[in-house]
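Throughout, protein chains are lettered first and strands after them, A, B, ... in sequence-line order, and every chain is numbered starting at 1.
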Amino acid sequence: MFGEGFLRTIEVAALALMLALVLGIIFGVISTSNNKVMRGIARIYVEFFQNTPLVIQVFFLYNGLAIAGLRLSVFVIGVLGVGIYHGAYVSEVVKTGITSIPEGQVEAAKSQGFTYIQYMRYIILPQTIKIILPPLTNQAVNLIKNTSVLAMISGFDLMYMADSWASSSLDYGPSYVFAGLLYFILCFPLATWARKYEERLKRNDTTRILYDPCEEAVTC
Amino acid sequence: MIKLQDVNKFFGEHHVLKDINLEVAEGEKLVIIGPSGSGKSTTVRCMNFLEAPTSGHVFIDGEELTQKNKIQLVRQTSAMVFQSFNLYPHKTVLENLTLAPIKLQKLPKEEAIKKARKYLAIVGLSEKENAYPSTLSGGQQQRVAIARALATEKKIILFDEPTSALDPETVQEVLDVMIKLSKENITMVVVTHEMGFARVVADRVIFMDDGRIVEEGKPEHFFENPTEERTKLFLSKILR
Ligand SMILES: Nc1ncnc2c1ncn2[C@@H]1O[C@H](COP(=O)(O)OP(=O)(O)O)[C@@H](O)[C@H]1O
Ligand SMILES: [Mg+2]
């Protein structure tokens, strides 16, 4: 039973993370564009989803849309709810990353004739990723933990399984301790990796990519 | 090749370029000098629309440069070398040279690499093709940036103070590369205070002050008998 919930949590988290990354990159990029309307749209998205509780957003998807006649499976609601919510945070992370790239990079790209989309793709975003990987991983950790809201709408996720086991056996302690342990197993390695990576980046100075002459040369 | 016609540029209230009229012939080497803040960079940046003029016209090869066609026209005609190099730090030296040819000019990869190697050889950095920019000295980075400009084989190369950010001991290696280039039929517009370079290379020098072209002539004219007081004052500072 816990195994099932554990798997469900991983599935929802993985799909929601992908959605959050896609939304985060799209809105992060347009929030740095020159177009006022686009920037405004990104701003509204970010502020709205960051400043209302995830629980309410998920309840809205569950009940609100049902009233409007649109019935989504709990699984889909989990992916959408958590994905869209964290997309707002990822968007801010991406935006900060992009604005940390020196203006000269854009100028060089423009002077070569790259369009906005092209220089974002080939020049700005690849440099951004390296910088934002640690905060992005922390987002992934939060996202995994937040999939536990699904329990509220009977999502058959890990938290739901812990809830129902606890109430059926009336043995609350072990159930939640065990569930907590499973969340920890998912999150701790990610968080640790992010911390290590960030320390390494700091040591090497963010702008430096160490060059190993033997890495590419076949002759050494 | 390049023509600026009645170009004015405002940054907010600040009138930075005032009625600039300037023509650069094909293959000409033009050097722009002048005090800091006089509008040299802005003038050069109008030539590839990194800055759009507030009023006036820019023509490249007879075609007017506009917001609409700037990417296409710039892509076909001009390259730029910056004071701060602006190499792509996540790419190797070779990749810095091949990125635009492969992605924009749609050159096959092998051909782009062949070309890149040719131009790296010209700037004397063949052995650095797999290095990342951050491992190179300032002078080497700027030579890579020049090679990157060359690799796209444009008719025009714009240089905005290419040696101003360099340690004194590496300035000459960059100037030497630029002198070598000047033997080719490339149109070069160079903002610099290196009057020694101007004397060797420039067909014409213009002196800018406060957003205007104050004086122009052959390099010798500036060494021997500049007419304007402002020019004399400026030259006395940089020639010392
Ligand atoms: N993007 C900008 N925004 C506002 N003012 C600018 C900008 N770029 C340049 N300026 C101003 O325009 C004037 C001319 O600048 P610039 O062309 O860079 O001069 P130069 O290259 O001769 O030193 C300066 O006073 C500078 O402060
Ligand atoms: Mg300048």
Of the backbone (N, CA, C, O) and the side chain (C-beta and beyond), which part of [X] lies under 4.5 Å from a heavy atom of chain A, both, or neither?
| X | value |
| --- | --- |
| B:L50 | side chain |
| B:S84 | neither |
| B:L87 | backbone |
| B:K154 | side chain |
| B:R45 | side chain |

Quiz item: Rounded to the nearest 0.5 Å, what separation is found between the OG atom of A:S111 and the CD1 atom of B:I157?
Solution: 11.0 Å

Quiz item: Is a donor on one side and an acceptor on the other found under 3.5 Å between the side chain of B:H90 and the backbone of A:T128?
Solution: no

Strictly less than 4.5 Å between heavy atoms, which residues of [range] line up against chain B? Please order them by number.
| range | result |
| --- | --- |
| residues 113-121 of chain A | A:G113, A:F114, A:T115, A:Q118 |
| residues 86-110 of chain A | A:G104, A:Q105, A:E107, A:A108, A:A109, A:K110 |
| residues 40-52 of chain A | none |

Exercise. Quick one: which of B:L158, B:L104, B:N48, B:V81 has the most heavy-atom pairs under 4.5 Å with chain A, could you say?
Key: B:L104

Quiz item: Which residue pairs pass the ring-ring contact (aromatic ring centres under 6.0 Å, His included) test when at least one of the two sits in residues 60-88 of chain B, sequence neighbours left out?
Solution: none

Quiz item: Which residue, B:R148, B:M80, B:R75, forms the side-chain contact (heavy atoms from CB on, under 4.5 Å) with A:Q112?
Solution: B:R148

